[in-house]
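Remarks on the structure that follows.
Quick note on labels: first sequence line is chain A, next is B, and so on, each numbered from 1.
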Amino acid sequence: MAELLNGQKRTLMCGEVTTEYVGKTVTLMGWVHRRRDLGGLIFLQLRDRSGISQAVFDTDVCSRELLEKASTIKLEYVVSIVGKVRRRIGNNVNPNMKTGEIEVVAEELKILSEADTTPFSIGDDGANEALRLKYRYLDIRREQLQHNLIVRSKICQIIRNYLSDNGFIEVETPMLGKSTPEGARDYLVPSRIRPGSFYALPQSPQIYKQLLMIGGMDKYYQIARCFRDEDLRANRQPEFTQVDLEMSFVDREEDVMQLTEGLLCKIFKEIRNVDLPTRFTRMSWIDCMNLYGSDKPDLRFGMQIQNLDDTVKNTKFAVFQNALSAGGTVRAIVLKNGADKLSRKELDKLAEFVKTYKVGGLAWYGLGADGVKCSFSKAVDESELEEIKTKLEMQHGDISLIVADKNWKNAVVALGALRCRLAAKFELYKSGDFACLWVVDFPLFEYSEEEGRFVAMHHPFTHPKNEDLPFMLSDPSRVRAKAYDVVINGDEIGGGSMRIYNREVQKTMFEALGFTDEQIAERFGFFVDAFKYGTPPHGGLALGFDRLVMVLTDTTNIKDVIAFPKMQNASCMMTEAPAQVDEKQLTELRIKCEAGDD
RNA sequence: GGCCCGGUAGUACAGAUGGUUAGUACGCCAGCCUGUCACGCUGGAGGUCGAGGGUUCGAGUCCCUUCCGGGUCGCCA
């Protein structure tokens with residue numbers, strides 16, 4: 001039978017009981033993590049978010065009644081235990097436990113709440129993810145999730161302190177806003193007052209934070225929830241958190257980048273005791289693409305992509321020749337000592353893998369223990385292989401993996417993905433390594449085949465590089481942006497830009513994007529208006545808070561750092577949201593439900 | 001929308017080529033046990049093999065359809 005707490009006070013958390021409390025009486029409260037009933041002697045391990053302590057029920061000290069009560073306790077019961085802290089001696093010390101040098105000799109036991117057998121064991125890892133999500137409150141009892149959520153909270157505190165110390169003001173911006181046609185799909189909220197009209201949940205506070213700069217807030221930040229109705233991934237949830245910041249009277253990327261470096265250094269130092277470089281590597285977008293096939297390269301390992309265009313320009317191998325004659329390219333990566341690690345079967349699998357990145361296939365050329373193995377040796381002369389070997393500086397044992405495509409971007413992206421896959425497979429980096437990078441000099445525009453025009457790569461308020469301003473209309477593809485992404489271990493942790501604050505530049509930008517005055521007014525109306533009344537030079541950045549926590553907690557699954565995440569189909573296993581609503585609610589909103597949908 | 005992987009007691013998993021009563025560990029239930037620490041020992045209960053259809057004398061296993069979960073490409077200014 002469960003008992004009342006009746007004003008009893010906890011004196012310590014379970015994980016806080018140390019030898020300094022020896023001889024003192026303490027009151028612990030928590031969940032029964034394990035029970036070891038030896039008959040006349042019972043050990044209970046009591047758990048709360050701080051850790052685990054062992055309580056012992058011993059008839060040498062406690063009554064027979066108390067021992068019998070303790071024998072009825074099951075796992076996950078919530079209990080309070082009053083007892084004296086005793087030093088464990090000899091073999092009774094458990095060196096694997098933080099509190100292994102002490103135990104609490106129980107004098108009183110209250111069963112505060114009984115518990116059914118849980119659907120999965122709290123002490124183990126490995127239960128099916130869907131099951132853990134259905135009983136998320138039980139999953140949160142697990143040590144890993146407790147740790148991740150605590151780290152998340154600590155990082156949040158560090159961020160608030162740092163930005164506050166640097167003169168930033170925290171301002172909240174609306175959740176109910178206006179849908180913007182650009183970018184990701186919006187989550188919509190129907191208006192009751194104006195039937196047929198909808199609010200949109202923010203994809204980011206971008207517009208509001210720029211308006212705050214116009215409003216003279218000077219430096220703003222917000223830990224902001226954002227919503228995007230797009231498909232989920234291992235590192236993508238439909239609602240997620242951004243550390244959003246913006247500052248006025250700056251026009252160099254460095255101003256925001258250095259502030260961000262300071263913040264990240266502080267976080268890594270305090271959370272992981274890791275000293276990040278005070279200045280991160282900077283690499284242009286075009287170099288990232290060419291060398292790593294990604295705009296968010298993982299620099300924990302090498303294996304840079306190399307260009308074989310000149311080396312194979314006279315090749316007889318049709319695949320290479322076709323790519324080159326179509327204006328394409330032939331690129332390669334070299335896996336050191338990989339020739340004998342990659343079987344024919346595995347190479348075929350890798351070929352299938354690169355095909356998902358829109359390239360035709362994968363060629364390989366390795367110098368294995370049993371001699372040369374090459375997927376295209378029949379098509380080329382010995383001398384060509386020698387030239388490739390020389391160009392790629394291949395040693396005995398190495399294997400090169402080669403992709404040819406008429407589109408250079410497809411080729412490098414495929415190799416970039418392959419590079420990461422091989423690094424993971426052969427453990428070319430170790431956990432605890434952190435490679436930080438700024439990707440800079442993004443193109444301002446990107447040509448959209450779908451729309452048949454240039455579109456903004458970041459957004460249409462991104463400031464062009466000053467030196468590229470003259471080419472915005474004459475040669476848009478060469479114009480670079482004052483935009484920057486911060487990348488850690490191949491994860492895009494954040495990004496931002498300097499914003500346009502000059503009316504002429506903004507006008508040119510819209511012209512380059514092919515917007516008419518009507519389109520500008522319709523899409524960006526109030527926002528463009530605001531810029532007419534005195535806009536300070538400004539710029540900012542948003543950090544993907546969840547992803548930052550992922551890096552700091554060594555997980556690749558965003559669900560591990562969010563208390564109540566959604567599943568891949570964007571539903572919640574626990575609450576079963578989204579769900580049908582009452583007819584009455586729909587009627588109020590004047591939303592008609594078509595009979596026989598689907 | 002495409003591709004890949006998975007679904008077998010409460011949980012995690014094993015079940016070559018189709019063949020007796022579908023196993024193992026943990027958990028659960030009952031009993032024993034005074035120094036355990038993943039306590040141990042004895043016994044017990046527990047299964048729509050995701051669902052439906054098919055092939056077969058016989059299907060967890062083979063075929064088809066479908067549902068569910070995960071990953072990924074597209075998508076995410």
Checking A:Asp441 now: which residues fulfil side chain to side chain contact (heavy atoms under 4.5 Å, CB included) with it, not counting sequence neighbours?
A:Ser284, A:Lys465, A:Arg480
List the protein contact pattern of nucleotides 69-76 of chain B with one symbol per nucleotide (5' to 3'): B for base contact, S for sugar-phosphate-only contact, - for none; contact means a heavy-atom distance under 4.0 Å.
SSBSBBBB
With sequence neighbours left out, write down each residue that passes side chain to side chain donor-acceptor pair (under 3.5 Å) with A:Arg236, or none if nothing qualifies.
none
Qualifying residues under side chain to side chain contact (heavy atoms under 4.5 Å, CB included), relative to A:Phe564, sequence neighbours excluded
A:Arg136, A:Ile140, A:Met574
Which residues in residues 516-524 of chain A have at least one heavy atom lying under 4.0 Å from any atom of RNA chain B?
none
Given B:C37, B:A77, B:U11, which nucleotide is nearest the side-chain atoms of A:Met97?
B:C37
Closest of B:A38, B:C28, B:U34 to the A:Leu38 side chain is B:U34
What protein N or O atoms touch nucleotides 42-45 of chain B N or O atoms at under 3.5 angstrom, if any, and at what distances?
none

Going by heavy atoms closer than 4.0 Å, what residues in residues 40-54 of chain A are next to RNA chain B?
A:Gly40, A:Leu41, A:Phe43, A:Gln54
Listed pairs under 3.5 Å, donor-acceptor, residues 513-521 of chain A side chains, sequence neighbours left out:
unit_1	atom_1	unit_2	atom_2	d
A:Thr516	OG1	A:Gln519	N	3.1
A:Thr516	OG1	A:Gln519	OE1	3.4
A:Gln519	OE1	A:Thr516	N	2.8

Whole angstrom is fine here: how far is it from CG in A:Asp124 over to P in B:G27?
9 Å
Regarding A:Glu103, tell me which of base, sugar-phosphate or nothing describes its non-hydrogen contacts under 4.0 Å with the strands shown.
base
On a heavy-atom basis, which atom in A:Lys209 and which in A:Glu246 lie closest, and how many Å separate them?
CE-OE1, 3.1 Å
Of all residues at least two apart in sequence or in a different chain, which pass the side chain to side chain contact (heavy atoms under 4.5 Å, CB included) check with A:Gln568?
none
Relative to its sugar, using the 90° cut-off around 0, the base of B:A16 is syn
Interatomic distance at C1', B:C29 relative to B:G10, whole Å:
13 Å
Base B:U34 paired with A:Thr59 side chain (donor-acceptor, <3.5 Å)
yes
By salt bridge (Lys or Arg N to Asp or Glu O under 4.0 Å), which residues pair with A:Glu76, not counting sequence neighbours?
A:Arg47, A:Arg141
Non-hydrogen atoms of A:Met509 and A:Leu444 that approach each other most closely
SD-CD2, 3.7 Å
Counting only pairs under 3.5 Å, give me each side-chain donor-acceptor contact of residues 410-420 of chain A, with atom names and distances, residues two or more places apart or in other chains.
unit_1	atom_1	unit_2	atom_2	d
A:Arg419	NE	A:Gly302	O	2.8
A:Arg419	NE	A:Met303	O	3.3
A:Arg419	NH1	A:Asp298	O	3.4
A:Arg419	NH2	A:Asp298	O	2.7
A:Arg419	NH2	A:Phe301	O	2.8
A:Arg419	NH2	A:Gly302	O	3.0

Where along residues 76-91 of chain A does a heavy atom fall under 4.0 Å from RNA chain B?
A:Arg86, A:Arg88, A:Asn91
